[in-house]
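Order of the sequence lines fixes the chain letters, A, B, ..., with proteins taken first and strands second; residue numbering starts at 1 for each chain.
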Amino acid sequence: MLHIYNSLTRKKELFKPIDADNVRMYVCGMTVYDYCHIGHARVLVVFDMVYRYLRHLYGGEHVTYVRNVTDIDDKIIKRAQEKGETYTDLTSHFIAAMHEDARALGVRPPSGEPRATASMEQIISMIQILMEKGYAYKGSNGDVFYDISRFSPYGRLSGKRIAELRSGERVAVEEAKDDPLDFVLWKAAKPGEPCWDSPWGKGRPGWHIECSAMSTHCLGDHFDIHGGGLDLQFPHHENEIAQSEAATGCKFVNYWMHNGFVRVDDEKMSKSLGNFFTIRDVLQQYDAEVVRYFILASHYRSPLNYSDQQLDNARAALITLYTSLRDLDLPVEPGDVVSNSTAQRFYAALNDDFNTPEAMAVLFELAREINRLQSGGQTAEAVRQGAILRQLGGLLGLLQNSPQRFLQHGGVVGVPALDDEQIEQQIAARNRAREAKQWAEADRIRDALKTKGVILEDDAGVTRWRRE
RNA sequence: GGCUGGGUGGCAGAGUGGUUAUGCAGCGGCCUGCAAAGCCGUCUACCUCGGUUCGACUCCGGGCCCAGCCUCCA
């Protein structure tokens, strides 16, 4: 029984889908004006894990996952101007880069990936409804605003009261608004800016409205899960609720999920602080699976501290898991869903608000069991447990590489000092020395390989190698 | 200032009213020509002060400290 921590109620709640034949989840994706950083990687990987687990629970055909792309906003326009290119050139470049990064991290493509610029009809129509129902007004500057005073539950998601928000006002007040807390639905175009026709003149959508329009258009007025980074809880998601529920007249979302931040030196990683690492930078240094492991090794709502030490630790952990699998002749296809008491504990961990760290602990117990079975000669049982380990790992998007590939190549930066053939030659030379009991020579070769980052393991007449 | 969330062993990171998290690192043993890997064993914990309780790291209250939101941000 899956329980999810619902940001709206601040409690773990039993997950009951509206329609078990079509479980629906929407996640706020990227604004594509730059390369994705590790914070974005966390959203991608965390909700990919959620998506995989929902598919496991309800069946792949019964889960719809929509993750949008914001491809028009102030920052995009500004960046395009700075770079002297059209905003569409800018966004298509970064959308492609985002897809590359996501693929590298083993993130399954979502069922739908709507873009703001391709959703103008739905956006304008929703604003129109809000105007007709009296939730929106046109300000003196030509922008259309949402009137938050008309929506009484405003602030519920973020736990804020309107009076407190007013007293905490830190931004220069926009005079065109009736109330400083009102937010823009449609932004009138300035000369030279990209724009679309609307009943309120040429302009572009405010940021929040696109998610209301796209999510309800793709998933219906009322759907199950809405996710995103913690920083979107307010105002973005608060505003989405206000817009959507005012427009549709029904409840918007049942479960709100927010992932915690990535930090660097105990400070939030963000574009505005400039302390971010892009995914592609990190992938120069670490295997993508290591990055994925690192992300899932912390609970999704906890802060995640980025450091080389953490990544090194993740890599060591994966080496342990892959080592247990390396001599097993596992079926290529996972086959039927297998289960034993260990697997049940893995599922129990994920059922508890996606507790991936605890689920991973179960993977290590499986690995140890496999190693025991192997050394006890119980190969068939070891293979069976190995299949379970890989299958459970797959729910987290891990352990799907060949163990040999990971152990020998997962984590090598750039061109290795020795290629595979050179290593094999050295091993052959060393084994000749070993047969002749020339231990000094054998050890010399092994030490020489070690300085080149190659570790040898003699086992049962076979010498194996891996890169450290 | 208001509102959230958090303070766990050398590091990372879960969890629980009384019994081993887990990974990395350390130590001892087995295995090995020696290693490595693996297995077995093992040392370092639960911010502070009160309260509830037979018993609290776990529940309640005060304090201290940290992070986040209140402004674009995943």
Classify the side chain of A:K160 and the base of B:C69 as holding, or not holding, a donor-acceptor pair under 3.5 Å.
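By the distance-only test, yes, there is a pair.
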Parallel, tilted or perpendicular, judged at 30° and 60°: which one describes the rings of [X] and [Y]?
{"X": "A:F151", "Y": "A:Y146", "answer": "perpendicular"}
{"X": "A:Y26", "Y": "A:H226", "answer": "tilted"}
{"X": "A:F252", "Y": "A:W256", "answer": "tilted"}
{"X": "A:H409", "Y": "A:W465", "answer": "perpendicular"}

Considering only B:A74, B:G13, B:C3, which nucleotide approaches the side chain of A:S298 most closely?
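Out of B:A74, B:G13, B:C3, the nucleotide with an atom closest to A:S298's side chain is B:G13.
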Would you indicate which nucleotide in B:A74, B:U22, B:C70 comes nearest to any side-chain atom of A:F234?
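Closest of the options to the side chain of A:F234: B:C70.
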Using the rule given for ring pair (Phe, Tyr, Trp, His ring centres under 6.0 Å), can you reason through A:F183 versus A:F145, listing the C-alpha separation, both sets of side-chain angles and the distance that settles it, and then say yes or no?
CA-CA 5 Å; A:F183 57 90; A:F145 296 103; 9.0 Å; no
Take the protein atom [atom1] of [X] and the nucleotide atom [atom2] of [N], then report the distance between them rounded to whole Å.
{"X": "A:D352", "N": "B:A21", "atom1": "CG", "atom2": "P", "value": "18 Å"}
{"X": "A:R263", "N": "B:G6", "atom1": "CZ", "atom2": "P", "value": "13 Å"}
{"X": "A:L389", "N": "B:U22", "atom1": "CG", "atom2": "C1'", "value": "14 Å"}
{"X": "A:R345", "N": "B:U22", "atom1": "CZ", "atom2": "C1'", "value": "10 Å"}
{"X": "A:I72", "N": "B:C72", "atom1": "CD1", "atom2": "C1'", "value": "15 Å"}
{"X": "A:W256", "N": "B:C69", "atom1": "CH2", "atom2": "C1'", "value": "16 Å"}
{"X": "A:N305", "N": "B:G7", "atom1": "CG", "atom2": "C1'", "value": "14 Å"}
{"X": "A:R315", "N": "B:A25", "atom1": "CZ", "atom2": "P", "value": "12 Å"}

Interatomic distance at [atom1], [N] relative to [M], whole Å:
{"N": "B:G23", "M": "B:G9", "atom1": "C1'", "value": "14 Å"}
{"N": "B:G17", "M": "B:C11", "atom1": "C1'", "value": "29 Å"}
{"N": "B:U58", "M": "B:G18", "atom1": "P", "value": "11 Å"}
{"N": "B:G51", "M": "B:U44", "atom1": "P", "value": "28 Å"}
{"N": "B:C66", "M": "B:G26", "atom1": "C1'", "value": "29 Å"}
{"N": "B:C43", "M": "B:U20", "atom1": "C1'", "value": "14 Å"}
{"N": "B:U48", "M": "B:C57", "atom1": "P", "value": "10 Å"}
{"N": "B:A74", "M": "B:C3", "atom1": "P", "value": "28 Å"}

Short side-chain donor-acceptor distance under 3.5 Å, [Y] and [X]:
{"X": "A:E289", "Y": "A:N401", "value": "yes"}
{"X": "A:Y53", "Y": "A:N351", "value": "yes"}
{"X": "A:N431", "Y": "A:R434", "value": "yes"}
{"X": "A:T70", "Y": "A:E210", "value": "yes"}

For [X], answer base if it contacts any base atom (sugar-phosphate contacts may also be present), sugar-phosphate if it contacts only those atoms, and nothing otherwise; contact means non-hydrogen atoms under 4.0 Å.
{"X": "A:V362", "result": "nothing"}
{"X": "A:S302", "result": "sugar-phosphate"}
{"X": "A:G229", "result": "sugar-phosphate"}

Using purine N1 to pyrimidine N3 plus N6-O4 or O6-N4 for Watson-Crick, or N1-O2 and O6-N3 for G-U wobble, each under 3.5 Å, what pairs with [N]?
{"N": "B:A67", "answer": "B:U4"}
{"N": "B:C73", "answer": "none"}
{"N": "B:C46", "answer": "none"}

Whichever of A:A317 and A:H236 has its nearest RNA chain B nucleotide further upstream toward 5'
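Of the two residues, A:A317 wins.
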Of A:N355 and A:G260, whose closest RNA chain B nucleotide lies nearer the 5' terminus?
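It is A:N355, whose closest nucleotide lies nearer the 5' terminus.
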I want to check one thing: is the phosphate of B:G23, taken as OP1 and OP2, less than 4.0 Å away from some side-chain N or O of A:Q310?
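For A:Q310, the contact criterion (side-chain N or O under 4.0 Å from OP1 or OP2 of B:G23) is not met.
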Are any of A:K78's side-chain N or O atoms less than 4.0 Å away from OP1 or OP2 of B:C72?
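Checking B:C72 against A:K78, no side-chain N or O comes under 4.0 Å of OP1 or OP2.
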Can you give one letter per nucleotide of nucleotides 27-42 of chain B, going 5' to 3': B for a protein heavy atom under 4.0 Å from the base, S for sugar-phosphate only, - for none?
------BBBBSSSS--
Could you go through nucleotides 8-11 of chain B and list every protein N or O atom that sits under 3.5 Å from one of its N or O atoms, giving the distance for each pair?
unit_1, atom_1, unit_2, atom_2, d
B:C11, O2', A:Q309, OE1, 3.3
B:C11, O2', A:Q309, NE2, 2.5

Evaluate the side chain to side chain contact (heavy atoms under 4.5 Å, CB included) criterion for residues A:L157 and A:Q233: first the C-alpha distance (whole Å), next the side-chain angles of each, then the deciding distance (0.1 Å), finally the verdict.
CA-CA 7 Å; A:L157 175 68; A:Q233 188 173 23; 4.0 Å; yes
When you look at A:M49 and A:L396, which way does the side chain to side chain contact (heavy atoms under 4.5 Å, CB included) test go after all the steps?
CA-CA 6 Å; A:M49 175 275 295; A:L396 303 178; 4.0 Å; yes
If you apply the rule side chain to side chain contact (heavy atoms under 4.5 Å, CB included), what do you find for A:Y51 with A:S111, and how did you get there?
CA-CA 10 Å; A:Y51 181 38; A:S111 330; 3.7 Å; yes
